[in-house]
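Just so we're on the same page: letters track the sequence lines, and every chain starts at 1. For the numbers below, each heavy atom of this structure counts, side chains included, while hydrogens, waters and symmetry mates do not. Note that this is a predicted model, so its numbers are computed, not measured.
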Amino acid sequence: MKLSEISSELGKEITVESWIIRMRKQGKKLVFLSLFDGTGEVQATLKQSTIGIDEFKPILDVFRGASIRTTGILKEDSRAPQGYELQVTSFEIIHPSDETYEQQVTHESSTDIKLSKRHIVIRGPKSSSILRFQSHVLHYMRDYFYSKGLEEVFPPLIVEAQAEGGSELFEIKYFDRNAYLTQSSQLYLEAAIFSLRDVFCILPSFRAEKSKTRRHLTEYRHVEAEGAFMDFEDLVKFIEEMIAYIVDKVIANDQDILKMWDRELQPIKTPFRRIKYGDAIKLLKDEYDITIPHGEDISDAPERQLIDHFGEPLVLHHFPTTMKPFYHKIDPEDKNLTRSADFLFPGCGELVGSGERETDIGSMLERMAKMDPPVNPEEYYWYMDLRKYGSVPHSGFGLGLERLIMWLLGVEHIRDITLFPRTVTRLAP
RNA sequence: GUCGUUGUAGCUAAGUGGCUAAAGCGUCCGGCUGUUAACCGGAAGAUCGCAGGUUCGAGUCCUGCCAACGACGCCA
């Protein structure tokens with residue numbers, strides 16, 4: 001029986017399989033165990049007088065981390081942390097642990113030790129709750145996509161080249177030539193809309209940037225979606241609605257986890273506050289005397305300043321054409337601007353990058369030639385064909401899953417919400 | 001990549017040029033039938049990150065290297 005299901009079994013005899021995460025030996029005749037099985041936690045009380053002298057003995061030689069099968073009566077007891085406890089009548093050690101388990105890592109250990117012993121650290125209710133939460137959020141996200149008629153597809157992670165210049169790619173050996181790990185599946189999703197109309201994918205993306213910040217991983221879960229016949233306004237609404245939906249679901253279903261992280265999450269109002277790139281740099285100049293030349297990226301510190309200024313999620317949109325890759329659609333009303341939008345959130349910075357896609361081949365070729373180094377359209381023959389043969393207005397976005405979890409739970413560091421984080425210095429475990 | 005901080009027992013950590021390198025947790029031995037990071041008594045456990053240098057004497061000062069962390073930079 002799972003520990004998440006036992007609360008309805010008060011007064012009954014149950015058998016649970018679990019791990020010992022804490023243990024107190026009180027003399028040679030009484031032992032308290034904290035049992036954890038990944039779904040819940042309960043205190044087990046083992047008395048020699050109940051279990052029998054010979055049957056009790058093995059528990060005295062057990063170490064934390066051991067797996068154990070316990071049978072007993074679940075009884076209310078005000079002395080137990082949960083208000084009830086398992087009064088064990090018999091048990092069986094499934095697999096022992098040993099004395100070195102205690103010497104691995106404690107909650108006071110340094111970041112370095114905690115990351116090296118991450119496989120041990122995750123064996124507890126708090127880390128467990130994050131991983132469970134991430135699974136729930138993905139579930140809500142897929143629910144939302146399916147309810148909107150999107151289909152999940154699986155673009156390749158091994159690619160020949162990538163559109164976005166500047167960002168560094170991980171190069172890998174691919175038989176007798178080189179290949180790269182993908183940075184984004186966007187271009188493939190753009191191809192997939194011709195097959196399924198509206199699509200999404202949830203896959204890892206890889207960035208070989210030597211960024212050492214609290215919100216960067218070299219491998220992260222990238223949620224991407226692309227919709228045919230979707231313009232910029234439809235796109236922004238789609239993303240806003242998605243985030244509001246996830247927040248509502250979390251509030252409705254995951255209060256226990258929110259409480260564990262001391263997070264009081266409020267429903268989020270749509271539409272979000274929007275500000276044009278041009279107005280944002282003007283605001284930064286006027287209010288904070290921060291000068292950003294038109295066409296330059298708004299870097300980390302000013303970006304935080306912007307988020308703090310409004311104190312709420314922010315849609316930063318209409319970036320200058322010169323800042324964005326060739327596939328961003330130029331705004332017909334102002335050729336210097338693109339129909340693009342970044343979603344900035346408190347605590348995690350840029351959460352979503354999005355935009356309507358360019359469909360004009362001439363404009364794309366022109367911008368590809370201007371890139372540094374210039375992009376060879378031949379390498380993107382298939383992508384150009386999407387425009388050549390019956391293109392449609394379409395839009396899409398990419399969202400960093402770990403960053404979304406950071407914001408939802410108010411967790412400080414991205415590595416704390418990742419099963420086995422990959423950073424510049426961390427390749428194991 | 002730049003700058004900074006740190007590196008002493010399995011973990012956390014004191015030690016500001018001079019006696020045998022403190023201590024807590026954990027481990028081992030002993031005690032305890034209601035513990036909540038239990039408690040009480042005892043024991044073992046340290047190539048002071050690595051290499052060189054200064055000095056009568058270096059964990060402590062200097063140089064180089066390595067590693068981790070943090071900030072910045074880079075980065076949808």
B/U16 to B/U8 separation - C1' atoms, rounded to the nearest Å: 15 Å
Pair A/D112-A/S110, side-chain donor/acceptor within less than 3.5 Å: no
Pairwise 5' ranking along RNA chain B for A/R24 and A/T111, keeping only the more 5' one: A/R24
OP1 or OP2 of B/C69 under 4.0 Å from side-chain N/O of A/K212: no
Distance, P atom - from B/U12 to B/G49, rounded to whole angstrom: 14 Å
Sugar-phosphate, base or nothing in reach of A/E85, heavy atoms under 4.0 Å: base
Spatial distance of atom CD (A/E209) from atom CD (A/Q183) [nearest 0.5 Å]: 7.0 Å
Donor + acceptor pair across side chains of A/S184, A/E224 (<3.5 Å): yes
Short side-chain N/O contact from A/T45 to OP1 or OP2 of B/U35, under 4.0 Å: no
Sugar-phosphate, base or nothing in reach of A/R415, heavy atoms under 4.0 Å: sugar-phosphate
Touch class at under 4.0 angstrom, heavy-atom based, for A/Y220 against every strand present: nothing
Atom C1', compared across B/C28 and B/G10: separation rounded to whole Å: 14 Å
Separation of the P atoms in B/C75 and B/G4, to the nearest angstrom: 24 Å
Sugar-phosphate, base or nothing in reach of A/R403, heavy atoms under 4.0 Å: nothing
Short side-chain N/O contact from A/R215 to OP1 or OP2 of B/C75, under 4.0 Å: no
Any donor-acceptor N/O pair under 3.5 Å between B/G34 base and A/K47 side chain: yes
Sugar-phosphate only, base, or nothing, as touched by A/S211 at under 4.0 Å among non-hydrogen atoms: base
A/K28 vs A/H107, nearer the 5' end of RNA chain B by closest nucleotide: A/K28
Sugar-phosphate only, base, or nothing, as touched by A/S110 at under 4.0 Å among non-hydrogen atoms: sugar-phosphate
Side chains of A/H328 and A/T338, donor plus acceptor under 3.5 Å: no
Pairwise P distance for B/C50 and B/C11, with rounding to whole Å: 14 Å
Nearest-Å distance once atom P is located in both B/U63 and B/A68: 22 Å
Atom P, compared across B/G17 and B/A9: separation rounded to whole Å: 22 Å
Protein-nucleotide distance (A/E168, atom CD; B/G73, atom C1'), rounded to Å: 13 Å
Check: A/R403/A/Y220 side-chain N/O donor and acceptor closer than 3.5 Å: no
Sugar-phosphate only, base, or nothing, as touched by A/E99 at under 4.0 Å among non-hydrogen atoms: sugar-phosphate
Separation of the C1' atoms in B/G41 and B/U55, to the nearest angstrom: 45 Å
